[in-house]
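Only this structure's heavy atoms are used, side chains among them; waters, hydrogens and symmetry mates stay out.
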Amino acid sequence: MTKEENEKRLQHLKGIVSNLPDKPGSYQFYDADNIIIYVGKAKNLKNRVSSYFHKEVDRYKTKVLVSKIWDISYTVVNSEEDALLLENNLIKKYKPKYNILLKDGKTYPSICVTKEYFPRIFNTRTINKKWGIYYGPYSHIGSMYAVLDLIKKLYKPRTCKMIITKEGVESGKYKPCLEYHLHNCDAPCIGKQSFEDYQRNIQQAQEILKGKGRDLQKMLYQDMMKAAEELRFEDAEVLKNRFLTLETYTAKSEVVSHSINDVDVFSITNDDHIAYINYIHVTNGSINQAFTFEFKKKLDEPEQEILSLGIIQIREQLKSKSKEIIVPFELETGIKDVTLTIPQRGDKKTLLDLSIMNGKQYRFDRLKQAEKLNPEQKQTRLMKELQKALKLEKMPYQIECFDNSNISGTDAVAGCVVFKGMKPSKKDYRKYNIKTVVGPNDYASMQEVVRRRYSRMIEEQSPLPDLIITDGGKGQMEVVREVVEDELNLHIPIAGLAKDSHHRTNELLFGFPPVVIGMKTDSELFHILTHIQDEVHRYAITFHRDKRSKHALHSELDDIKGIGPKSKDALIKELKTLKRIKESDIQTLTSILGSSKAQIVFNYFHKSE
């Protein structure tokens with residue numbers, strides 16, 4: 001590999017790394033033959049993968065690995081623990097050259113609820129669905145034991161390995177063991193605990209294993225209150241203890257259903273010209289394949305058509321024979337002997353959501369990569385988003401925003417900031433001293449500034465803005481509209497950014513009368529709009545502060561004609577206070593300022609004489 005080829009390779013990899021998300025997940029490194037050579041996990045994908053390409057990396061093995069990398073892919077998950085599980089599955093599937101393989105074949109443990117007459121609950125690394133239902137795997141062993149301890153404390157499932165039958169219980173075949181005498185088991189084997197009560201306990205334990213502890217809490221509380229109303233105080237006490245124990249339980253468990261076996265998951269995310277289809281393959285509840293494929297649109301094909309064709313091509317390319325396909329909506333694939341599932345809840349819905357999240361993340365990363373190469377593309381996208389949200393006739397290239405600043409009506413000022421192409425155009429910013437308004441009147445001040453601004457722009461035939469944003473709600477929008485539309489007969493769209501009770505901007509208003517525009521407050525576009533609001537607020541406040549500072553520093557020396565800043569500074573430096581300047585004789589003043597200026601100052605303070 002030549003030096004130029006290596007630099008091109010590193011540039012390509014650094015481009016991928018710079019666009020990785022700040023989310024947990026698993027990453028995969030590929031060699032020149034597109035073979036996975038390393039699989040890793042990360043709490044933060046961007047931070048972790050970028051660490052391989054730092055100049056200060058000095059480990060020889062890491063340098064060797066980096067020299068072999070030609071491409072990078074990743075899968076986003078919901079937590080660090082999920083990333084650990086996914087890494088484990090991918091290592092076992094692909095056996096990457098630079099990973100430490102698990103030679104003993106061990107996997108993460110799960111919790112088994114057996115299918116016996118009186119089921120047992122225990123942890124195991126061996127999965128055999130004939131024996132019971134499995135919950136897990138658990139990447140954090142401490143979490144698993146915390147769950148088991150909670151279940152043992154709440155429901156006391158039997159721990160003995162004795163084969164117990166209904167006939168054996170009825171005939172008195174069994175004897176209680178030490179666990180019964182230690183109060184760790186209620187001895188269903190000798191009829192001390194009924195079959196129905198034991199089964200109800202096991203069902204509630206399974207709710208905890210499914211992660212539905214909150215629902216179980218509500219049910220226990222209702223049963224406790226009902227028992228108390230019926231004067232069954234002993235039962236109410238037992239339920240109360242269970243409720244309180246469950247309430248204090250905070251251990252986090254990672255749960256994947258082993259009932260999901262050999263399933264394909266597909267989802268689609270659309271762009272203007274490209275559709276992104278994410279594919280996940282699941283075996284025994286574990287993900288062992290995850291890819292996102294790009295499909296260029298030739299016409300404006302519907303999502304159903306693109307996804308149907310994509311499923312056929314991807315399954316053929318990856319040689320998938322799964323008999324069940326999870327999809328987000330109804331499709332006609334034409335694939336024989338395959339069940340299409342559109343999940344609404346549960347583990348399959350969780351997998352579909354994960355697929356959708358990865359598709360969206362892939363699309364977002366591709367967009368960021370393109371916008372990095374062409375920054376104007378991002379500006380155009382944001383302007384189009386705003387145009388679509390507000391249903392404007394043209395893209396809002398020039399946006400202007402106003403804000404007032406005063407303290408009880410004194411030193412009243414206003415500022416206007418201008419954004420062009422979603423970027424601040426500071427040369428077009430303008431400051432205004434409020435001239436016609438007396439006292440604190442924000443609405444009247446706003447009208448004066450807007451009137452002065454656009455009257456002058458009309459007079460000078462300057463380009464008018466495509467959108468005006470007011471720093472305030474309906475009231476501010478209305479006073480601006482009165483000037484712009486009613487007085488000046490201009491047709492400029494007006495939007496408002498309103499704050500909540502905590503003084504945080506939470507709504508975009510538009511129209512006449514104004515209505516709330518549905519926009520996520522954590523979206524990129526909303527952040528740009530609040531940045532415009534923050535910028536005009538900063539600009540107006542700074543202007544107001546400067547004006548107040550000048551007033552605060554004003555002294556009687558400023559009123560003496562013929563005495564400039566240098567003479568004033570010289571007097572203050574030598575004599576320190578205004579009182580000493582007033583009391584100084586002509587000789588002292590002459591030694592500081594010279595005869596002519598000394599005479600001016602002396603005459604000013606000794607007019608009566």
For His183, is the NE2 atom crowded, meaning more than 12 foreign heavy atoms sit under 6.0 Å from it? no
Please check if the number of heavy atoms outside Tyr180 that lie under 6.0 Å from its OH is greater than 12. no
Look at the aromatic rings of Tyr27 and Tyr52 and report parallel, tilted or perpendicular, splitting at 30° and 60°. perpendicular
Let me see the working for Lys173 and Glu167 under salt bridge (Lys or Arg N to Asp or Glu O under 4.0 Å), right down to the final yes or no. CA-CA 9 Å; Lys173 176 181 177 182; Glu167 294 76 17; over 6 Å; no
With a sphere of 6.0 Å drawn around CD of Glu234, does it hold more than 12 non-hydrogen atoms of other residues, nucleotides or ligands? no
Supply the atom-to-atom distance Lys156 NZ to Asp186 CG, rounded to the nearest 0.5 angstrom. 5.0 Å
Tell me if the CG atom of Leu182 is crowded by more than 12 foreign heavy atoms within 6.0 Å. yes
Between Met519 and Leu525, does the side chain to side chain contact (heavy atoms under 4.5 Å, CB included) criterion hold? Intermediate values first, please. CA-CA 9 Å; Met519 186 181 293; Leu525 178 56; 3.6 Å; yes
If you count every heavy atom of other residues, nucleotides or ligands that lies below 6.0 Å from Lys115 atom NZ, does the total exceed 12? yes
Side chains of Tyr38 and Gln28: any donor to acceptor distance under 3.5 Å? no
Check the surroundings of atom CD in Glu5: do more than 12 heavy atoms from other residues, nucleotides or ligands lie under 6.0 Å from it? yes
Does Tyr221 OH have over 12 foreign heavy atoms under 6.0 Å away? no
Distance check, rounded to the nearest 0.5 Å: Phe29 atom CZ versus Lys68 atom NZ? 15.0 Å
Is a salt bridge present between Lys349 and Asp353, judged by a nitrogen-to-oxygen distance below 4.0 Å? yes
Trp70 CH2: over 12 foreign heavy atoms closer than 6.0 Å: yes
Could you name each residue pair satisfying salt bridge (Lys or Arg N to Asp or Glu O under 4.0 Å) that touches residues 16-35, not counting sequence neighbours? none
Check ion pair Arg315-Asp264 (N to O, under 4.0 angstrom): yes
Mind running salt bridge (Lys or Arg N to Asp or Glu O under 4.0 Å) on Glu116 and Lys161 for me, showing each step along the way? CA-CA 10 Å; Glu116 297 169 279; Lys161 295 182 181 179; over 6 Å; no
Have Ser322 and Glu324 got a donor and an acceptor in their side chains that come within less than 3.5 Å? no
Are Tyr276 and Phe295 an aromatic pair by the rule of ring centers under 6.0 Å? no
